[in-house]
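Small disclaimer: the values here were computed from a predicted structure and weren't measured. Counting begins at 1 with the first residue of the sequence.
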Amino acid sequence: MNVQLAVVGRINGQELLGFYVLAFNTSMWAQTILGTAIRYVSVAGFSRLSETDDRALAEGVHKSVPMLVSVVAPIVALMSVLATPLIGLMYGDRWLPAAPVLTLLVGLTFVRMVTGLAMDALMGAGATRSTLWIYLGWSVALIPALWYATNAYGIKGAAIAQTGVGLLVAIPLTAIALQRANVALRPLGRPLVRPILATILSAAVAILVMRVTGPYEIVQLAAAGLAGILVYIPLVVPLDQLRRFPSTLRRSPA
């Protein structure tokens, strides 16, 4: 994660590095908030499951990965499509060159959270050497890709390299490591279809709403973000859970 700063700063200079760092830090908001909370319980939870048997660990992965994707995917997608009004509102128009970078780098957030959860499962199972090989393979692929893409396309190229290598290298390496730890991946396919399709639809609706809400960033963010969420939740959360939600709130302690 740190090599990107050296490459971007060396090739593109201080000003563009500033835009890149702003986009990268903004893209990590979801991971900073959610990832820290998950990490407190995930390693311990997977360790307890692995003490039972490999099947219990696999079932834990099969349940937790779709849940994580269901929460993270819409956040990442909405931050991507709303990057321009988000940067403009938070930091001002002078920082808008960071918006196209943010649009791409949020994909890396998704990769890091999914692979992070999988690595927690591997560590819980005692397969710590696998995490080392994942990071090593990730680094070997990332450094030349980052250098080439930054030279060719600037800070946007650096974002493409980061996200692309994460999707095309880190996730497959993590999948191989999970299979070697006796965690089958086929059961993950069907539970991931609904949140992924709902995320695509949510992002499309957010784009349409953003285009018709005028030039004010706060209006774009509020209207498009709310529209995207309202589209996403009914498609992913089961109807019976939505119906029980008001009563759950009434029973919860103040």
Could you list the donor-acceptor pairs under 3.5 angstrom formed by side chains in residues 91-111, with sequence neighbours left out?
unit_1: Thr103; atom_1: OG1; unit_2: Ser80; atom_2: O; d: 3.2
unit_1: Thr103; atom_1: OG1; unit_2: Ala99; atom_2: O; d: 3.1
unit_1: Thr109; atom_1: OG1; unit_2: Ser27; atom_2: O; d: 2.5

How far does CD1 of Ile160 sit from OG1 of Thr163, to the nearest 0.5 angstrom? 8.5 Å
Would you list the pairs meeting salt bridge (Lys or Arg N to Asp or Glu O under 4.0 Å) in which at least one residue belongs to residues 98-126, sequence neighbours left out? Arg39-Asp120
Residues 174-193, side-chain donor-acceptor partners within the protein, below 3.5 Å, at least two apart:
unit_1: Thr174; atom_1: OG1; unit_2: Ala170; atom_2: O; d: 2.7
unit_1: Asn182; atom_1: ND2; unit_2: Asp54; atom_2: OD2; d: 3.0

Is it the case that one hydrophobic cluster holds both Leu230 and Leu221, taking links as side-chain heavy atoms less than 4.5 Å apart, direct or via other members? no
When every non-hydrogen atom of Ala159 is compared with those of Tyr20, the smallest separation belongs to N-CE1, 4.0 Å
Let me have the donor-acceptor pairs involving side chains of residues 122-144, under 3.5 Å, with sequence neighbours excluded, atom names and distances please.
unit_1: Thr131; atom_1: OG1; unit_2: Thr128; atom_2: O; d: 2.6
unit_1: Ser139; atom_1: OG; unit_2: Tyr135; atom_2: O; d: 2.9

Distance-only donor-acceptor pairs under 3.5 Å for side chains of residues 204-218, two or more places apart:
unit_1: Thr213; atom_1: OG1; unit_2: Val209; atom_2: O; d: 3.2
unit_1: Thr213; atom_1: OG1; unit_2: Met210; atom_2: O; d: 3.1

When you compare the side chain of Trp29 with that of Leu86, does any pair of heavy atoms fall below 4.5 Å? yes
CG-CG distance between Leu34 and Leu117, expressed to the nearest 0.5 angstrom: 12.0 Å
To the nearest 0.5 angstrom, please state how far the CD atom of Gln220 sits from the CG atom of Leu82. 8.0 Å
Nearest 0.5 Å, what's the CE-CG distance between Met90 and Leu22? 9.5 Å
Please set out all donor-acceptor pairs under 3.5 angstrom arising from side-chain atoms of residues 147-154, sequence neighbours excluded.
unit_1: Thr150; atom_1: OG1; unit_2: Leu146; atom_2: O; d: 2.6
unit_1: Asn151; atom_1: ND2; unit_2: Trp147; atom_2: O; d: 3.0

Common cluster, Val8/Leu5, ILVMFWY with side-chain heavy-atom separation under 4.5 Å: yes
Ala30 and Ile75: which non-hydrogen atoms are nearest, and at how many Å? CB-CG2, 4.0 Å
Cluster question for you: counting only ILVMFWY and a side-chain heavy-atom cut-off of under 4.5 Å, with indirect links fine, are Val169 and Val3 together? yes
Side chains of Ile38 and Ser42: closer than 4.5 Å at any heavy-atom pair? yes
Do you know the tightest heavy-atom contact between Leu235 and Ala198? CB-CB, 3.9 Å
Measuring from atom CG of Leu49 to atom CZ of Arg55, what distance do you get when rounded to the nearest 0.5 angstrom? 13.0 Å
Which atom names give the shortest non-hydrogen contact between Leu78 and Gly225, and what distance separates them? CD1-O, 4.1 Å
Following the transitive rule for hydrophobic clusters with a side-chain heavy-atom cut-off under 4.5 Å over Ile, Leu, Val, Met, Phe, Trp and Tyr, establish whether Ile200 and Val76 coincide in one cluster. yes
